[in-house]
Amino acid sequence: MITVTNLKKRFGENIVLNGIDLHVNRGDVLAIIGPSGSGKSTLLRCLNLLEMPDEGIIEIGETKVDVTKMSRKETHLLRQETAMVFQNYNLFKNKTALQNVTESLIVAKKMDKQEAERIGKELLVKVGLKDKIHQYPATLSGGQQQRVGIARALAVNPHAILFDEPTSALDPEWVSEVLQVIKNIAEQNTTMIIVTHEMKFAEEVANRVIFMADGNIVEENEPKEIFHNPKNQRTKQFLKTLE
Ligand code: ADP
Ligand code: MG
């Protein structure tokens, strides 16, 4: 499903991904935890090629590329294998909820407008926004905007959805509704990678957890083991800071 081999990324002198190896099976929910600056966002952004990795092999779905010799076509194909849900939603402010969801279907997938709108409406209903379909982001709460972001990610029917701290910009009152939507999607066997600070949520929803520090995967295990029986000293330290 997803296999990453020796993925490296640096910004100038700063080595941010230090040869990451990663495997995610179909239907897996992988949670990534770790201190700020450890490279979690960069890892997701490299998988989606929002950031260009320096080295490594990325295989997602049908597409396998060596990032050092990627053609334009391969870049395009790999980008289409995943969809990202951002911390700050990244919605088009001048488009309605529905237009945000249908945009990539109409523009990138060349779907006709009627079909795209049918799919878009269905997804907005699924994330609990039946009454908000024609509203603009500014008129929606943070939780509602992020649910539009999730519907938009689902719309392109990607092999995997990448969530980068999907609730960390939200007021506390909106966090649980967004987590619930993500949980519902996870239960439908959607493959996802979720960077999160919500440890309780990670424990409930993920079947694997990775702890990252300084651009390395320090520990990987089942949630129960990572959270209640961490092996690595750095994992222990990190979890202690959250108590
Ligand atoms: P995390 O998501 O775990 O907090 P990031 O992946 O955002 O960590 O960042 C890892 C490191 O890479 C940090 O030192 C950060 O400053 C650096 N970094 C991230 N993006 C950029 C960028 N576009 N330019 C330069 N440095 C960056
Ligand atoms: Mg981050």
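Order of appearance sets the numbers: ligands from 1, and atoms from 1 within every ligand. Computed from heavy atoms alone, side chains included, the values below leave out hydrogens, waters and symmetry copies.
- In the model, Thr5 has no side-chain atom that pairs as donor or acceptor with a side-chain atom of Asp21 under 3.5 Å.
- Of all non-hydrogen atoms in Ala153 and Met84, the two that sit nearest each other are CB-O, 4.3 Å.
- Within the protein, the N, O or S atoms lying under 2.8 Å from the Mg ion (ligand 2) are Ser41 OG.
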Please assess His228 against Glu203 for the test side-chain hydrogen bond (donor to acceptor under 3.5 Å, both in side chains), listing each intermediate value before the final yes or no.
CA-CA 10 Å; His228 301 292; Glu203 188 171 348; 2.8 Å; yes
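- In this structure Lys183 satisfies the salt bridge (charged side-chain N to carboxylate O under 4.0 Å, His left out) test together with Glu204, sequence neighbours excluded.
- For the pair Lys9 and Phe11, the cation sits on the ring face: its NZ or CZ lies under 6.0 Å from the ring centre, inside 45° of the axis.
- Between Asp214 and Arg234 a salt bridge is recorded (basic side-chain N to carboxylate O distance below 4.0 Å).
- In summary, Glu222 and Arg208 do not engage in a salt bridge, as defined by a charged side-chain N under 4.0 Å from a carboxylate O.
- The pair Glu103-Lys95 meets the salt-bridge criterion, since a charged nitrogen lies less than 4.0 angstrom from a carboxylate oxygen.
- Within the structure, salt bridge (Lys or Arg N to Asp or Glu O under 4.0 Å) pairs that include any residue of residues 118-139 comprise Glu115-Arg118, Arg118-Glu122 (at least two apart or interchain).
- The immediate protein surroundings of ligand 1, defined as residues with any heavy atom under 4.0 Å of it, consist of Phe11, Asn14, Val16, Pro35, Ser36, Gly37, Ser38, Gly39, Lys40, Ser41, Thr42.
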